[in-house]
Structure formats: C-alpha cells, structure tokens
Protein chains: 2
Amino acid sequence: MGCKIEEFQQEQRKRIRAVQDSMDVLNGKWKIAIISSICCYGKRRFSDILNDIEGISNRMLSKELKELEINQLVKRTVLDTQPITVQYELTEHGDTLQTIISNLTDWGIVHRKKIVGK
Amino acid sequence: MGCKIEEFQQEQRKRIRAVQDSMDVLNGKWKIAIISSICCYGKRRFSDILNDIEGISNRMLSKELKELEINQLVKRTVLDTQPITVQYELTEHGDTLQTIISNLTDWGIVHRKKIVGK
DNA sequence: AATAACAGTAACACAGAGGTAACTAAGTAA
DNA sequence: TTACTTAGTTACCTCTGTGTTACTGTTATT
C-alpha cells in the first residue's frame with residue numbers, strides 16, 4: 001500500500017487527462033456549435049447547419065464535420081434527392097454528449113449575464 | 001404570433017450562441033485542465049498546478065490563469081511566505097463549472113475506451 | 001443558353017496560439 | 001559566494017487554425 005496522498009494525486013492526474021481527452025475532441029471554434037445544431041433537430045442537412053451557425057463558412061463546416069465523423073460522433077448519409085442532399089445525425093456515442101451540451105448552454109447564458117452585465 | 005417553426009429556429013440559434021459563449025471562455029489547450037486541477041484540490045499553488053498538468057509550461061500557465069481571472073472564474077491570492085507562494089482557487093462563479101468538469105471527465109474516459117480501443 | 005441550388009473542394013494568406021529558452025527578484029540555505 | 005526556490009516575464013520562433021475567394025459537378029428551372 002502506497003502513500004494515500006500520492007494515490008490521490010495520481011487519481012487527480014488521471015481525471016485531468018480525461019478532461020483533456022474530451023476537450024481534444026470538442027475543441028475548435030465550431031465543433032460544439034455543430035453538434036448542438038444537429039442535436040437540436042435530430043437530423044440536419046449541410047446547408048441547414050450552415051444557416052444555424054452564424055459566421056461559419058462551408059469550408060470550415062465541411063472540415064469540422066469530417067473530424068466529428070472520424071471521432072464517431074456524427075453519421076453522414078447521402079440522400080437520393082435532386083439536387084443531392086446530405087443528412088447529418090449524431091451517433092449513439094455522439095448522443096452521450098447531450099448532457100454536456102445542455103449544461104454548457106445553461107452555463108453560457110448565466111456567464112454572459114455575469115460578464116457582459118445583462 | 002409568428003410562425004411556430006421560425007420561433008423554434010430562433011430559439012435553437014440562441015442556444016447555439018450560448019454554447020459558443022461557454023466555449024469561448026473554456027477554449028485553449030490548457031484552460032479546462034487548469035480549472036480541473038484547482039477544482040480537485042480546492043486551493044492550489046502555481047507550481048502545484050504546473051506539476052498536475054503534464055506538458056504545460058510556466059509561460060502558458062501564467063497566461064491562461066490571467067485570462068481565467070479576467071473571466072472571474074479564478075481568484076489569485078499571494079501568501080506571505082518565504083519564498084512567496086501564490087494560491088489559486090475557483091470563484092463562486094467558477095464553482096458553477098463543477099458539473100461540466102465532472103461530466104467531461106466521465107465522458108473523456110468513455111470516449112478514450114471507445115476510440116483508442118482500451 | 002444561362003442561372004440557381006446543393007454539397008462540397010482547392011489555393012492562398014495571415015494572426016495568433018503555443019513552444020522553448022533564458023532571465024528577473026527576493027529570500028534562504030550550504 | 002554560490003546555488004536553490006517560487007512565481008512569474010521577455011524575446012523569439014514556428015505552426016496551424018481559420019478566413020477568403022473562387023471553383024467543381026449534377027440536375028432542374030427559366
């Protein structure tokens with residue numbers, strides 16, 4: 001049995017690393033907004049997301065969606081319509097972010113009031 | 001009374017903006033790890049945080065702590081010791097991040113298993 | 001024949017995020 | 001006198017995240 005304090009410190013270091021793992025996936029100016037947009041509607045087309053998020057360019061949206069796909073948070077489906085449309089939805093794994101998204105939304109509202117004033 | 005769909009869309013756009021507000025504060029390679037470190041221990045000194053977070057440099061730690069102070073998430077206290085030590089703790093407002101940190105920690109562990117495999 | 005919609009891609013540019021290394025200041029211990 | 005500790009700061013450099021603009025290919029519409 002090692003020292004209690006050291007054990008505790010190791011435990012905390014692990015937790016810190018875990019938070020960083022999450023943030024690695026969610027970092028970037030647009031990722032959470034994209035997830036949030038898809039999450040709100042269940043399924044969402046490329047151009048809809050483009051429209052949901054103020055200021056994002058199609059280049060960035062395309063790039064970030066690819067990364068989210070690689071990280072298995074988002075699923076891409078091409079629909080056989082004219083013109084072709086592409087639908088994005090959260091994977092089961094992506095769905096597990098709902099609580100975090102929801103908390104971040106609430107916190108963001110409170111924080112803005114706190115800092116900006118109103 | 002406007003159209004239901006448009007009202008809903010406006011509502012979602014607000015939520016997306018709120019998430020982005022949160023992320024603006026929490027973005028950066030180290031911020032959440034720093035908050036997490038302070039949060040774990042209640043109070044934490046500069047060199048302790050430096051030691052908690054693998055890979056961070058004193059320059060970055062100093063810079064990020066300043067920003068966190070500006071955003072009223074962290075409080076800095078100089079202790080009258082020899083040599084001088086500086087203690088960081090979360091403000092009341094910073095404390096409200098605990099749920100998010102905790103969720104991100106849990107999610108990070110699950111995500112690593114999912115992606116890396118083990 | 002020209003234009004529009006959709007879902008991107010390619011080429012280029014640049015600010016700033018982050019890394020590295022050396023330095024400061026004040027006191028303590030060897 | 002030299003070296004060590006704490007909590008930073010400063011200068012410099014690199015790289016990458018993001019923005020901008022223009023372009024592709026397919027089909028429908030005018």
Side-chain angles (χ1 to χ4, degrees), chain A residues 9 16-17 19-38 41 43-71 73-89, chain B residues 9 16-17 19-38 41 43-71 73-89:
Chain A
Q9 283 194 342
I16 291 170
R17 255 178 257 127
V19 180
Q20 285 182 305
D21 284 342
S22 294
M23 292 309 288
D24 283 350
V25 179
L26 303 178
N27 243 329
K29 194 173 173 182
W30 305 109
K31 286 220 187 72
I32 294 237
I34 294 169
I35 295 169
S36 185
S37 158
I38 298 173
Y41 291 95
K43 300 177 179 186
R44 205 76 178 138
R45 290 181 314 141
F46 188 86
S47 54
D48 289 331
I49 303 173
L50 208 54
N51 188 51
D52 288 337
I53 304 170
E54 232 178 274
I56 196 171
S57 67
N58 51 355
R59 186 182 100 93
M60 271 301 125
L61 180 54
S62 165
K63 213 182 133 198
E64 301 288 63
L65 280 168
K66 264 184 206 162
E67 276 182 54
L68 292 173
E69 233 191 310
I70 289 169
N71 280 304
L73 299 178
V74 156
K75 191 188 157 197
R76 198 184 93 115
T77 316
V78 181
L79 299 181
D80 193 15
T81 56
Q82 268 326 316
I84 273 175
T85 50
V86 179
Q87 200 172 66
Y88 291 90
E89 56 196 309
Chain B
Q9 282 194 342
I16 290 170
R17 257 178 255 127
V19 180
Q20 284 182 307
D21 285 342
S22 295
M23 291 309 287
D24 283 348
V25 179
L26 303 178
N27 242 329
K29 195 171 172 184
W30 305 109
K31 288 223 185 67
I32 293 237
I34 294 169
I35 295 170
S36 185
S37 160
I38 299 173
Y41 292 95
K43 301 175 178 187
R44 205 75 176 139
R45 290 181 315 141
F46 187 87
S47 54
D48 289 333
I49 303 172
L50 207 54
N51 188 50
D52 287 339
I53 304 170
E54 233 178 274
I56 196 171
S57 67
N58 51 356
R59 184 182 102 93
M60 271 301 125
L61 179 54
S62 167
K63 212 181 133 201
E64 301 287 64
L65 279 169
K66 265 184 204 159
E67 277 181 54
L68 292 174
E69 234 191 310
I70 288 169
N71 280 305
L73 299 178
V74 155
K75 191 188 158 200
R76 197 186 94 116
T77 316
V78 180
L79 300 183
D80 194 14
T81 55
Q82 269 326 319
I84 272 174
T85 51
V86 179
Q87 200 171 67
Y88 291 91
E89 56 196 309

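Lettering follows sequence order; numbering is per chain, from 1.
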For DNA chain D, what residues of residues 73-83 of chain A have any heavy atom nearer than 4.0 Å?
-> A:Q82
Protein-nucleotide distance (A:K63, atom NZ; C:dA11, atom P), rounded to Å | 15 Å
Which residue, A:K29 or B:F46, contacts DNA chain D at a nucleotide closer to its 5' end, judged by nearest heavy atom?
-> B:F46
Give, for atom CD of B:Q20 and atom CG of B:N27, the distance between the pair rounded to the nearest 0.5 Å.
-> 10.5 Å
First of A:D48 and B:I56 reached from the 5' end of DNA chain C, by closest nucleotide = A:D48
Send over the distance from A:N58 CG to C:dT9 C1', rounded to a whole Å.
-> 9 Å
Span of DNA chain D, from the first to the last nucleotide whose atoms fall under 4.0 Å of chain B heavy atoms | D:dT5 to D:dA11
Enter the distance from A:L50:CG to A:I34:CD1 here, rounded to the nearest 0.5 Å.
-> 9.5 Å
N/O donor-acceptor pair under 3.5 Å between B:N71 side chain and B:E67 backbone | yes
Whole-Å distance, B:I53 CD1 to C:dG19 P, equals 12 Å
May I have the distance from A:L50 (atom CG) to C:dC6 (atom P), rounded to whole angstrom?
-> 10 Å
Is any side-chain heavy atom of B:L65 closer than 4.5 Å to a side-chain heavy atom of B:I38?
-> yes
Send over the distance from B:E54 CD to C:dG18 C1', rounded to a whole Å.
-> 18 Å
A:I84 CD1 - C:dA7 P separation (whole Å) = 9 Å
For C:dT9, take OP1 and OP2 only and decide whether either is under 4.0 Å from a side-chain N or O of A:K66.
-> yes
What's the CG-C1' distance between A:L65 and C:dT9, to the nearest Å?
-> 14 Å
What pairs with A:S22 under side chain to side chain contact (heavy atoms under 4.5 Å, CB included), at least two apart in sequence or on another chain?
-> B:L104, B:W107
Rounded to the nearest 0.5 angstrom, the CD1-CG distance for A:I35 and A:L73 is 5.5 Å
Starting at the 5' end of DNA chain D and moving along, which residue's nearest nucleotide shows up first, A:G28 or B:R45?
-> B:R45
Given C:dC6, C:dT9, C:dG18, which nucleotide is nearest the side-chain atoms of A:S47?
-> C:dC6
Which atom names give the shortest non-hydrogen contact between B:Q87 and B:L79, and what distance separates them?
-> NE2-CD1, 3.9 Å
Between B:F46 and B:L61, what is the shortest heavy-atom contact and its length?
-> O-CD2, 3.5 Å
How close or far is atom P of C:dA17 from atom CG of A:N27, stated in whole angstroms?
-> 12 Å
In this structure, are over 12 heavy atoms from other groups packed under 6.0 Å from A:I84 atom CD1?
-> no
Using a cut-off of 4.0 Å on non-hydrogen atoms, how would the nucleic acid contact of A:T85 be classed: base, sugar-phosphate, or nothing?
-> sugar-phosphate
